[in-house]
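First comes the structure, then the notes that go with it.
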Amino acid sequence: MEREYDHKTVEERWMKEWIRGKYWAAPDFPDPAKKRYILTMYPYPSGDMHVGHTEIFAIHDSIARFVRMHGYQVLNPLGFDAFGLPAENAAIKRGSPPKEWTDSNIAIWRSSAERLGCSFDWDRMFATCDPEYYRWNQWFFLRFYERGLAYRKEAGAWWCPKDKTVLANEQVVAGRCERCDSIVVKRYLAQWFFKITDYADRLLDDLVLNTGWSERLKTLQRNWIGRSYGAEIDFSLEGIEEPVTVFTTRPDTLWGATFFVLAPEHPLAERLVSGTNKEAQLREFKQQVETMTEIDRSSTDRPKEGMFLGKYATNPVNGEKIPIWVGDYVLMDYGTGAIMAVPAHDQRDLDFARRYNLPVRVVISPPDHELDAATMKESWPHEGAMTNSGPFDGTPASESIDRVIEWLEAEGMGRRAKTFRLRDWLISRQRYWGTPIPIIHCPRCGEVQVPDDQLPVVLPEVVDFRPTGEASPLATAHEWVEVACPACGGPARRDTDTMDTFVDSSWYFHRFLDPHNDEEPFARARSDAWMPTDQYTGGIEHAVGHLIYARFFQKIMMDMGMVRDPEPYPNMLNHGVVTMGGKKMSKSRGNIVEAGTALDLYGADALRLYMLFFGPPEQPIDWPEEGVTAIGRVTFPWLQRVWRLCEQHQRSPELDSADATAQPSPDGSNQDGADAAILELRRHIHRTIKVVTKDYEQFSFNTAIARLMELVNHAYRYQSEWPGGPVLDELIETLLRLLAPMAPYLTEEQWHRRGHETSIHKESWPDFDPALAAELEVTMVIQVNGKVRDTVPVPPDIAEAEMKQLALTSDKVRPYLDGGEPTKIIVRPPKLISLVV
RNA sequence: GCGAGAGUGGCGGAAUUGGCAGACGCGCCAGCCUUAGGAGCUGGUGUCUUCGGACGUGGGGGUUCGAGUCCCCCCUCUCGCACCA
């Protein structure tokens, strides 16, 4: 008998055996009724794992193993998100190629994942920096290009001065680079975009298909896409021939438009002042706006700056001439970059009007008070009846917007419209370590696609990949850049930008299903066999990045006939972040707890259980300041307790007689109370199966562990009073199977020590006996005026009459009845009876 | 400002349809055991108490025989979006 669980020896033995025997290999074409694709977001292999990373693996792997024990064919793959800035920055620091650093980290991560006991099918592993993988990024790019979904335009883009690259909208958080926190600046560059806005409606509307998403996640995406309904209205501007359109959600306020505002960057602004004495002034104003950081510009406290352009616009509904201004509060890339200003009913317009003494006109009447245009400081942005609006005076709020839109359409002045907050996805990066964009720029032919048979466009190896802040580092690889134009054969140059790494992760989940295909990204039949994923796990921080991009790709792939399903991830579990001292764990902050240290000291099972026992998976975890020793006080001692329990009760010979555990009192002893104790323990075992199964199904691992702790406590109490016997065998064998998904090593070892020849992870999940799991006795609560006065043990099928009888004759209850009869009796069999006096 | 979520012991957190608040664990207290140890085992641990009980889930009000749970108002915190027209 071994008193101590020696996790090192045990883990080493089973880790090797599981890998040697390819225990977690999944078939390419599963039985459709039995397939379960259990996916976790593939990691970025930087440095080594810290405990924050292990949380997701603990959650995900417990789900995979739980499902597998229910007889499903489980696909559980892992790959690596291997392109990107950290590898490049590390390479610059070390003076070695990014591939070396990346490969060595992948090896470290894979071995950490193996040590942690993750049941991945490693035969499907890939890294996105493999040319065999990224050639398909290029293939997708070309297909998108052909469909008009990839385009290049000169546009203002967020530029991170530290990382020296442009960023997608999604990578800018509160005006700062998501990665390094630097304040971003706007730069005007020719950039590649994916036209995600074409899919905005579908991305929004199809959210309902994701029935296994939290409301929180759906809301994040809804807000990000930000669909607004309203109208486009055409104004004519002095000196401009074509009509200029504004978007508004409040066409009912059109009669209150007292000025017109363009974004400073709007090309029309320059045209309007061209040849006037305002040219220089506008140039100065624009410069002033451009040098402002996004943080300053978007601050609502800052007074709005503007400039009159000296020209007038005509309000189409009343022919009124209203002055045209530029204002820094109008954004070029939302709506049309031009607005009609209605100061009485929009606070921003009112602030601007008061600052520059522009007129204010009330056109919506609040239901309960009067607005005074001359003095009002707060706009009235709410609904109300229309007033000062010509033919629409008196139109009630409920129909005003629709009626105005219909009228505008009939008059040819405007139309119903909607607009989105979502912007096209900027995928160009001026960095080295990414997928080269498969386009060749020819002086004669323009943009030319790299022909499919020349894919992949492999990253050149010998290149100075330090970012210059000017062109992409790839521009310095002259031999690579200079090529013959595929169309005309003349001299031409490759595009030197690389793709955002979120392109890689937008379709990787299909590649796992066909990881070695060199004809196409993946075969449709193989994708159809496993998709959609049955459970996806990953951090909530990807809500508006990866989780939107991948949905966008999925929809394009569906339109191309490559996949069957509209949504790739209908069931999503978002775990919380792991912090220490309230800050996200990161090496640079120095607040990390190394996974390796935890594994060395306490082993994989203790670490996994610790992460799972902390609380619900969605909730953030703030790791105790004491660091790794926290595990030594919580789950490590408990695992030892489980180990000792198992060791003290080796498998009994009786178990081999078929129905030994089916006997309610297998002991058969004549000792008083022995049979009762056995029965009570068996009831506890079967109740535990029932509730723990439900806990797993709801990802409530913390309560599942709590129930198992109770069961172990019960076993210890039982054995201190009674000899062992088959009931403890039943308990231990059940306990091991219920614990196996969360603590795979100890349970596997004990399973074999108990004489089993096959892996516990291939065992079936225990069933409970409904008769045993049912409550034998419940506690009936007797309340008087809502307060508990007595509790009585009763059978669960007790009759109401009997409950009343018990309540009225209770010695503890009688004093509260004042000798009289209760005026009302509420009976909720079998648990509660409430007397009102 | 808009949207979402959350406030429960010293701490992490439990609590079917409204039905014994505080499961389980950490910490703390007491005891046992011991080659006296940051090991193991047992018990206790919301607050107050005249030991009968009373009070108790951010605050205030309401519905109900009964509210952590439902409704209204307020406060605080977290997250997301944010001059989005």
Side-chain angles (χ1 to χ4, degrees), chain A residues 3-4 173-175 214-224 226-228 230 246-250 253 257 261 263 297-302 304 327-331 333-342 345-349 351-352 381 419-423 540-541 543-544 576-577 582 609-610 613-616 618-624 626 629-630 632-635 637-638 640-641 644 694 700 702-710 712-713 716-717 720 779-791 815 822-828 831-837:
Chain A
R3 299 275 318 169
E4 289 289 310
V173 177
S214 64
E215 206 46 51
R216 181 181 176 204
L217 178 57
K218 284 188 275 192
T219 305
L220 284 171
Q221 292 211 349
R222 254 185 237 118
N223 289 348
W224 189 259
R227 182 165 58 195
S228 298
V246 300
F247 173 80
T248 178
T249 53
R250 293 296 302 274
T253 63
V261 191
R297 184 165 174 193
S298 64
S299 159
T300 41
D301 308 332
R302 194 182 51 81
K304 299 171 188 4
D328 60 1
Y329 73 105
V330 175
L331 308 174
D333 50 5
Y334 183 76
T336 62
I339 64 156
M340 63 173 202
V342 185
H345 305 292
D346 183 289
Q347 191 59 42
R348 297 156 299 178
D349 296 343
D351 293 344
F352 195 78
T419 192
F420 296 90
R421 215 196 62 98
L422 185 73
R423 316 285 154 80
I540 190 83
E541 68 272 19
V544 297
V577 287
L609 286 174
Y610 186 80
F613 190 53
F614 228 102
E618 300 85 355
Q619 241 166 68
I621 291 178
D622 195 37
W623 193 283
E626 65 195 288
T629 55
R633 289 186 293 101
V634 185
T635 51
W638 183 70
Q640 297 290 1
R641 201 164 144 88
R644 285 194 305 274
K694 200 174 164 201
S700 182
N702 57 330
T703 53
I705 293 166
R707 302 300 156 229
L708 295 177
M709 286 172 166
E710 285 177 308
V712 170
N713 290 347
Y716 271 81
R717 276 197 305 277
S720 70
T779 305
M780 182 181 90
V781 173
I782 307 169
Q783 294 182 346
V784 179
N785 289 340
K787 292 206 186 295
V788 178
R789 295 306 177 189
D790 198 6
T791 57
T823 54
K824 195 174 172 189
I825 302 178
I826 294 120
V827 190
R828 291 278 180 276
K831 280 191 165 167
L832 183 118
I833 179 161
S834 184
L835 310 178
V836 189
V837 294

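Only this structure's heavy atoms are used, side chains among them; waters, hydrogens and symmetry mates stay out. Chain A is the first sequence line, chain B the second, and so forth, proteins listed ahead of strands; every chain is numbered from 1.
In the set G19(B), A85(B), A23(B), the nucleotide with an atom closest to the side chain of Thr703(A) is A23(B). Relative to the side chain of Thr629(A), the nucleotides G38(B), A4(B), C83(B) differ in distance, and G38(B) lies closest. The side chain of Pro616(A) lies closest to A14(B), out of A14(B), A85(B), C83(B). Listed candidates were G25(B), G19(B), G12(B). Nearest to the side chain of Phe614(A) is G12(B). In the set A85(B), A23(B), G12(B), the nucleotide with an atom closest to the side chain of Thr248(A) is A85(B). Side chain of Val788(A), nearest nucleotide from A54(B), A85(B), C20(B): C20(B). The side chain of Arg789(A) sits closest to G53(B) out of G53(B), C83(B), A85(B).
For Arg227(A) against C84(B), a side-chain-to-base donor-acceptor contact under 3.5 Å is absent. Between the side chain of Lys824(A) and the base of C65(B) there is no donor-acceptor pair of N/O atoms closer than 3.5 Å.
Base orientation at G5(B) is anti, since its O4'-C1' glycosidic dihedral falls outside 90° of 0. Applying the 90° criterion around 0 to the glycosidic angle, G38(B) comes out anti.
For the P atoms, the distance from C70(B) to A6(B) is 10 Å, rounded to whole Å. Going from the P atom of G59(B) to that of U64(B) covers 23 Å, rounded to whole Å. For C83(B) and C77(B), the P atoms lie 23 Å apart once the distance is rounded to whole Å. Comparing the P positions of C48(B) and G9(B) gives a spacing of 15 Å, expressed to the nearest Å. With both ends at atom P, the span from G13(B) to C51(B) equals 39 Å, rounded to whole Å. The P atoms of G80(B) and A14(B) are separated by 23 Å, rounded to the nearest whole Å. Rounded to a whole angstrom, the distance from the C1' atom of C26(B) to that of U16(B) is 28 Å. The separation of G62(B) from G44(B), taken at their C1' atoms, amounts to 40 Å, rounded to a whole angstrom.
Note on Arg633(A): every side-chain N or O is 4.0 Å or more away from OP1 and OP2 of G25(B). At C24(B), none of the side-chain N or O atoms of Asn713(A) fall inside 4.0 Å of OP1 or OP2 (strictly under the cut-off). Here Arg641(A) reaches the OP1 or OP2 of C41(B): one of its side-chain N or O atoms lies under 4.0 Å away. In this model, the phosphate group of G13(B) is approached by a side-chain N or O of Gln619(A) to a distance below 4.0 Å at OP1 or OP2. At the phosphate of A85(B), OP1 or OP2 sits under 4.0 Å from a side-chain N or O atom of Ser228(A). Phosphate contact (OP1/OP2 of C24(B), side-chain N/O of Arg707(A), threshold under 4.0 Å): absent. Contact annotation: Lys831(A) side-chain N/O to G19(B) OP1/OP2 distance is not under 4.0 Å.
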Counting Watson-Crick and G-U wobble pairs with both distances under 3.5 Å, what is the dot-bracket string for RNA chain B, 5' to 3', using [ ] for crossing pairs and | for pairs to another strand?
(((((((..(((......[....)))((((((.......))))))(((....)))..(((((..]....))))))))))))....

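The CD-C1' distance, from Gln221(A) to A4(B), rounds to 14 Å in whole Å. If you measure from atom CG of Leu220(A) to atom P of A4(B), you get 12 Å, rounded to the nearest angstrom. The distance from atom CZ of Arg421(A) to atom C1' of C83(B) is 13 Å, rounded to the nearest whole Å. Between the OH atom of Tyr610(A) and the P atom of G25(B) there is a distance of 15 Å, given to the nearest Å. Atom P of nucleotide U16(B) and atom CZ of Arg828(A) are separated by 18 Å, given to the nearest angstrom. Counting to the nearest Å, the P atom of G5(B) and the CG atom of Asn223(A) are 12 Å from each other. The CG-P distance, from Asp351(A) to G1(B), rounds to 14 Å in whole Å. A67(B) atom P lies 12 Å from atom CD1 of Ile826(A), rounded to whole Å.
Under a cut-off of 6.0 angstrom, the local environment of NZ in Lys831(A) is sparse, with at most 12 non-hydrogen atoms contributed by other residues, nucleotides or ligands.
Under the 3.5 Å distance criterion, the side-chain polar atoms of Gln640(A) are left unmatched by any main-chain donor or acceptor of Glu4(A). Counting only distance, with no hydrogens or angles, the side chain of Thr629(A) and the backbone of Gly632(A) share no donor-acceptor pair below 3.5 Å. Remark: the backbone N or O of Val712(A) is not paired with any side-chain donor or acceptor of Arg641(A) at under 3.5 angstrom. Judged by distance alone, with hydrogens and angles left aside, the side-chain atoms of Tyr329(A) form no donor-acceptor pair with the main-chain N or O of Phe352(A) at under 3.5 Å. A donor-acceptor pair under 3.5 Å is absent between the side-chain atoms of Arg348(A) and the main chain of Lys304(A), judged by distance alone.
Taking 4.5 Å as the limit, some side-chain heavy atom of Leu422(A) sits within range of a side-chain heavy atom of Trp224(A). Side-chain atoms of Glu215(A) and Lys218(A), non-hydrogen and from C-beta on, do get closer than 4.5 Å to each other.
Among the heavy atoms of the strands lying under 4.0 Å from Trp224(A) are primed sugar atoms or P, OP1, OP2 only; no base atom is included. Counting any heavy atom pair closer than 4.0 Å across all strands shown, Arg216(A) reaches sugar-phosphate atoms only and no base atom. Across all strands shown, Val544(A) has no heavy atoms under 4.0 Å from either base or sugar-phosphate atoms. Residue Lys694(A) is in base contact, counting any heavy-atom pair closer than 4.0 Å across all strands shown. Using a 4.0 Å heavy-atom criterion, one finds that Pro624(A) contacts no nucleic acid atom at all. Here Glu710(A) lies in heavy-atom contact (under 4.0 Å) with sugar-phosphate atoms only.
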Test side chain to side chain contact (heavy atoms under 4.5 Å, CB included) on Val836(A) and Ile826(A); report intermediate values, then the result.
CA-CA 8 Å; Val836(A) 189; Ile826(A) 294 120; 4.2 Å; yes

Quick one, Glu626(A) with Arg633(A), criterion salt bridge (Lys or Arg N to Asp or Glu O under 4.0 Å). Give me CA distance, side-chain angles, the key distance, then yes/no.
CA-CA 11 Å; Glu626(A) 65 195 288; Arg633(A) 289 186 293 101; 2.3 Å; yes

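Between Asp333(A) and Leu835(A), the residue whose closest nucleotide on RNA chain B is further toward the 5' end is Leu835(A). Where Asn702(A) and Arg717(A) meet RNA chain B, the nucleotide closest to each residue was compared, and Asn702(A) sits on the side nearer the 5' end.
For the atom pair Thr703(A) OG1 and Glu710(A) CD, the distance stands at 10.0 Å (nearest 0.5 Å).
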